[in-house]
Amino acid sequence: MRERHGPASKIPPGVDTSVPNIARVYDYMLGGTINFPADRHLAELALQIAPDAPAMAQAHRAFLRRAVRHLAAAGIRQFLDIGSGLPTQGNTHEIAETAAPGARTVYVDIDPVVILHTRELLASSPTATIIQADIRDPDHILKHEHLRDHLDFSQPVALLMCAILHHLHDHESPTEISRHLVSALPPGSHVVISHFHNPGSSRPDVALQATESERLFNEKLGTGRWRSRDEITSYFSGTDLVDPGLVYIPDWRPDPDEYQFRGTRYYGDYAYKSLTYHSWLGGVGRKD
Ligand SMILES: C[S@@+](CC[C@H](N)C(=O)[O-])C[C@H]1O[C@@H](n2cnc3c(N)ncnc32)[C@H](O)[C@@H]1O
């Protein structure tokens, strides 16, 4: 067991910390302190399958930061981040407000620990707030008074669904949920999506890692789907992918000033990317 974790604090009553939880497992992968032995145990099992998962988690946050900066530069001033996770370095509202002072952010998450810690972080923020809600009930989110108070749906909105749709089962219709949310956005809005990826028979080695990870997640967390490129593409329905399209996340508009995923080894002229590099796809779609 690695030693990166510190004392976890502030857990709302009724939360069973003996059961692993996706927000806290991810927090551990990112080097955070809001996690417990059950979370760390599952993370360590996941690391046996994908040893560079922490580097990939960092690369994923770097993708999110680049996407938010890109959208702020494109004039977006409103951000709706669903499945926002525990506060970490470079949260969406911080990136957005640094790039575009006055930008407004609404976070949404189902997890009471995420809600508690994010509310604490945002206690004095006039521009950012969090709503406790379930993405599987998109109408509840869209009609929520805090969302309507904070965001003006006559102006473009950036909808972030990063590392959340792979926690929906197929029967929960992630395509329909995404379509529903995107349909509520005004023209000029964008959607940012990242998702676990299984390339199938085109890369049996990556597919095996994806299948093993999926089995572990479902056994311990009850969710986790590594989907095909076509399935993930369907979540951008109603938008056009902006350049460079749906790509492995370190390759989405890489920035030399940002975190670089070091999963490449060179054998002479041949560059070998780690299996984990192929396990996340991300992109940004624009709604006209
Ligand atoms: C892996 S974290 C991703 C955090 C952040 N979006 C990122 O990409 O760095 C997934 C988050 O989705 C939240 N989540 C999972 N299922 C959800 C649901 N049905 N509705 C809302 N949030 C959900 C979890 O609580 C967790 O905080």
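Whatever order the structure lists them in is the order used to number ligands and atoms, beginning at 1. The shown structure was predicted, so the numbers you read here are calculated from the model rather than taken from an experiment.
Of the protein's non-hydrogen atoms, the one nearest atom 2 (S) of ligand 1 is Y26 CD2, 3.8 Å. H60 CE1, 2.7 Å is the protein heavy atom nearest to atom 8 (O) of ligand 1. Closest protein heavy atom to atom 10 (C) of ligand 1: A163 O, 3.4 Å. For atom 20 (N) of ligand 1, the closest non-hydrogen atom of the protein is I135 N, 3.0 Å. Given atom 16 (N) of ligand 1, the protein heavy atom at minimum distance is I110 CG2, 4.1 Å.
Salt bridge annotation for R148-E145: absent, with no cationic side-chain nitrogen under 4.0 angstrom from a carboxylate oxygen. Ion pair D52/R262 not flagged as a salt bridge, since none of the NZ, NE, NH1 or NH2 atoms sits closer than 4.0 Å to an Asp/Glu carboxylate oxygen.
Checking R66, R65, R253 one by one against E258, the salt bridge (charged side-chain N to carboxylate O under 4.0 Å, His left out) holds for a single residue, R65.
Distance check: S84 OG to I131 CD1 gives 10.0 Å after rounding to the nearest 0.5 Å.
Here's the thing with G83: one of its N/O atoms is less than 3.5 angstrom from an N/O atom of ligand 1. Residue D81 has no nitrogen or oxygen atom sitting less than 3.5 Å from a nitrogen or oxygen atom of ligand 1, judged on distance alone. Residue-to-ligand polar distances keep V108 apart from ligand 1: every N/O pair is separated by 3.5 Å or more.
Atoms of ligand 1 found under 4.0 Å from any heavy atom of R136, numbered from 1 in the order shown, are 19 (N). Close contacts of ligand 1 with A23, meaning ligand atoms under 4.0 Å from a residue heavy atom, involve 26 (C), 27 (O). With ligand atoms numbered from 1 in the order given, ligand 1 contributes 4 (C), 27 (O) to contacts under 4.0 Å with heavy atoms of G85.
Taking all heavy atoms of D109, N21, D111 into account, the minimum distance to atom 26 (C) of ligand 1 is reached by D109.
Taking the six-membered ring wherever Trp is involved, the centroid distance between the rings of Y248 and W280 does not fall below 6.0 Å.
When all heavy atoms of G102 and T127 are compared, the closest pair comes out as O-CG2, 4.2 Å. The shortest heavy-atom contact between G222 and H169 is O-CE1, 2.9 Å.
Contact annotation for D134 and ligand 1: heavy atoms of both the backbone and the side chain come within less than 4.0 Å of the ligand. With a heavy-atom cut-off of 4.0 Å, A133 touches ligand 1 through its backbone alone.
By the 30° and 60° cut-offs, the orientation of the rings of H140 relative to H144 is perpendicular.
Atom CD of E172 is surrounded by more than 12 heavy atoms from other residues, nucleotides or ligands within 6.0 Å.
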